Chemist: 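This is the structure I want to talk about, given as structure tokens.
What's counted below: heavy atoms across the whole structure, side chains too, no hydrogens, waters or symmetry copies. These figures come from a predicted structure and were not determined experimentally. Residue numbers start from 1 in every chain, and the chains themselves are labelled A, B, ... in the order their sequence lines are given, proteins ahead of strands.
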Protein chains: 2
Amino acid sequence: MALYGAPVEYALHTLLNLCLAPADIPHSAKDLAEFQQLPVPFMRKLLTQLQRADLVRAGKGVRGGWMLARAPEDISVLAVADAAQGGRHRVFECKNVRARCVLWGDGTPPPSAVSGTCEIHAVMLKAEKELRKSLAAQSLADIAARVNSKTGGASSVVIKGWFNDRFATRRDHKQGAIDE
Amino acid sequence: MALYGAPVEYALHTLLNLCLAPADIPHSAKDLAEFQQLPVPFMRKLLTQLQRADLVRAGKGVRGGWMLARAPEDISVLAVADAAQGGRHRVFECKNVRARCVLWGDGTPPPSAVSGTCEIHAVMLKAEKELRKSLAAQSLADIAARVNSKTGGASSVVIKGWFNDRFATRRDHKQGAIDE
């Protein structure tokens, strides 16, 4: 099983869409769900989780909806992954196996055998640090720039157009809460 | 859920025990299981997986049993983790979400939109590479040296003594297959 599952992938694509969509107007959960062909309740749950991590913010009413809560440069892939998984997932969960050894019998292991961090756990913690450092060094803005570079800027133009159209339709129809 | 589960932790401790135990005599699955207070069938399964990855080797008969298949310097934590999990576990499993977008309707996305590696996946692959590089740089010998250094060499002495006693008992009783 992978460390980061589907919620992380959807969260990153959704935030990337918000990053490429017009930044000065809010976007409804319905539009964001439709754009990525996801069920609206799933998108709402995802946005709520991202909101708790201060990655998106929501406004209410006709002019309401979802926007990035920070500049894309200040949203790291690591922050999105942690938020989408509802907390930090570990590379390795130490069960302190060193405390279960025939040498200690059924009793308590001597403090010298279980003090400090287990050397195996320490190796895993170091590797996890490298993984997180790499994810922390990449922002939404970095990814958006590469996507735009790959498509000669077409991605941004097309995505901006789609979300602008949606926003105009919603405004014209004077619907209720934009995030419905 | 963590990327590396209990089998990885048990595999690393078992190989570390083999590394600290006398290297010139074989050790039974029963002894290795008892030492770490694990069920024998679990230990047999673990050793078979480690054998498939060429990390341990087995001999048969009274002088048979399990030994490291390579020098501890040549067994990386990464190799043990992959072997114990029955293959490489990924940091991120890309579901190619970029292919599911309202812009492509129900049809096939244009090749330009799905060619090459997705930029989100690329970030994850880079982070996974850092994680694996860190784990590949650490060997059983490195961990054993740190454990010995922490205990002033006592770990090695005590573990060697326990496994030597077991081997002597088995030899004296002329039991059948040593790995029973």
Side-chain angles (χ1 to χ4, degrees), chain A residues 1-6 8-10 12-13 16-17 31 34-38 77-78 81 89-95 97-98 100-103 112-113 115-116 118-124 126-135 137-138 142-144 146-147 150-151 154-155 158-159 162, chain B residues 1-6 8-10 12-13 16-17 31 34-38 77-78 81 89-98 100-103 112-113 115-116 118-124 126-135 138 142-144 146-147 150-151 154-155 158-159 162:
Chain A
M1 185 181 280
L3 181 66
Y4 296 134
V8 173
E9 188 170 4
Y10 287 122
L12 283 165
H13 277 281
L16 187 61
N17 294 336
D31 287 352
E34 187 180 338
F35 189 83
Q36 207 60 65
Q37 303 192 327
L38 286 171
V77 173
L78 181 66
H89 278 212
R90 311 304 306 233
V91 161
F92 179 73
E93 198 182 339
C94 178
K95 301 278 188 198
V97 162
R98 64 180 172 165
R100 291 195 294 280
C101 174
V102 73
L103 298 176
S112 63
S115 66
C118 168
E119 294 300 335
I120 288 171
H121 192 191
V123 169
M124 295 294 185
K126 194 178 171 196
E128 182 176 280
K129 199 172 168 186
E130 293 301 324
L131 170 84
R132 294 178 66 83
K133 192 174 139 191
S134 181
L135 294 178
Q138 295 287 325
D142 296 328
I143 297 178
R146 287 197 288 270
V147 167
K150 204 172 183 176
T151 60
S155 303
V158 176
I159 294 174
W162 191 87
Chain B
M1 186 180 280
L3 181 65
Y4 296 134
V8 173
E9 188 171 5
Y10 287 124
L12 284 165
H13 276 281
L16 187 61
N17 294 338
D31 287 352
E34 188 179 339
F35 189 84
Q36 207 61 65
Q37 303 193 324
L38 286 170
V77 173
L78 181 66
H89 278 211
R90 311 305 305 232
V91 161
F92 180 75
E93 199 181 338
C94 178
K95 302 276 188 198
N96 211 21
V97 162
R98 64 180 171 167
R100 294 194 293 281
C101 175
V102 74
L103 299 175
S112 65
S115 67
C118 168
E119 294 300 334
I120 288 171
H121 192 190
V123 169
M124 294 294 186
K126 194 178 170 197
E128 182 176 280
K129 201 173 167 184
E130 294 300 325
L131 171 84
R132 293 179 66 82
K133 192 174 140 192
S134 181
L135 294 179
Q138 294 286 325
D142 295 329
I143 297 178
R146 286 197 288 270
V147 167
K150 205 172 184 176
T151 60
S155 304
V158 176
I159 293 175
W162 190 87

Chemist: One thing to verify: whether A:R146 and B:E119 come together as a salt bridge, which I'm taking to mean a side-chain N less than 4.0 angstrom from a carboxylate O.
Modeler: yes
Chemist: For chain A, which candidate among B:H121, B:Q36, B:R132 shows the most heavy-atom pairs at distances under 4.5 Å?
Modeler: B:Q36
Chemist: Within this structure, what is the CG-SG distance for the pair A:N17 and B:C101, rounded to the nearest 0.5 Å?
Modeler: 6.5 Å
Chemist: Counting N and O atoms only, with roles assigned by atom type, does the side chain of B:E93 sit under 3.5 Å from a partner on the main chain of A:G5, one being a donor and the other an acceptor?
Modeler: no
Chemist: Considering only heavy atoms, which portion of A:V147 lies under 4.5 Å from any heavy atom of chain B: side chain, backbone, both, or neither?
Modeler: both
Chemist: Heavy-atom pairs under 4.5 Å with chain A are the metric here; pick the option from B:V97, B:L3, B:L131 that has the most.
Modeler: B:V97
Chemist: Name the option with the most non-hydrogen atom pairs under 4.5 Å to chain A; the candidates are B:V77, B:V8, B:V158, B:L103.
Modeler: B:L103
Chemist: So which residue, B:H89, B:K95, B:H13, ends up with the most heavy-atom pairs under 4.5 Å with chain A?
Modeler: B:H13
Chemist: Sort B:R98 into side chain, backbone, both or neither according to what part of it lies under 4.5 angstrom from a heavy atom of chain A.
Modeler: both
Chemist: For each of A:F92, A:W162, A:F35, tally heavy-atom pairs with chain B at distances under 4.5 Å, and name the one with the top tally.
Modeler: A:F35
Chemist: For B:K150, is it the side chain, the backbone, both or neither that has a heavy atom under 4.5 Å from a heavy atom of chain A?
Modeler: side chain
Chemist: Just give me the residue among A:V123, A:L38, A:V91, A:T151 that pairs up with chain B most often, heavy atom to heavy atom, under 4.5 Å.
Modeler: A:V91
Chemist: With a 4.5 Å heavy-atom cut-off, do B:R100 and A:Y10 have their side chains touching?
Modeler: yes
Chemist: Going by heavy atoms in the side chains, are B:L12 and A:M124 under 4.5 Å from each other?
Modeler: yes
Chemist: Specify which of A:A81, A:C94, A:S115, A:A6 makes the most heavy-atom pairs with chain B at under 4.5 Å.
Modeler: A:C94
Chemist: Tell me, for A:E9 versus chain B, whether the close heavy atoms (under 4.5 Å) come from the side chain, the backbone, both or neither.
Modeler: both
Chemist: Between A:K133 and B:E130, is any pair of side-chain heavy atoms under 4.5 Å apart?
Modeler: no
Chemist: At a heavy-atom distance under 4.5 Å, which candidate from B:I120, B:L135, B:I159 has the highest pair count against chain A?
Modeler: B:I120
Chemist: So which of B:E34, B:M1, B:K126 has the biggest tally of heavy-atom pairs under 4.5 Å with chain A?
Modeler: B:M1
Chemist: At a heavy-atom separation under 4.5 Å, does B:L16 approach chain A through its side chain, its backbone, both, or neither?
Modeler: side chain
Chemist: Looking at B:S134 and A:A127, what are the two nearest heavy atoms and their distance?
Modeler: OG-CA, 3.4 Å
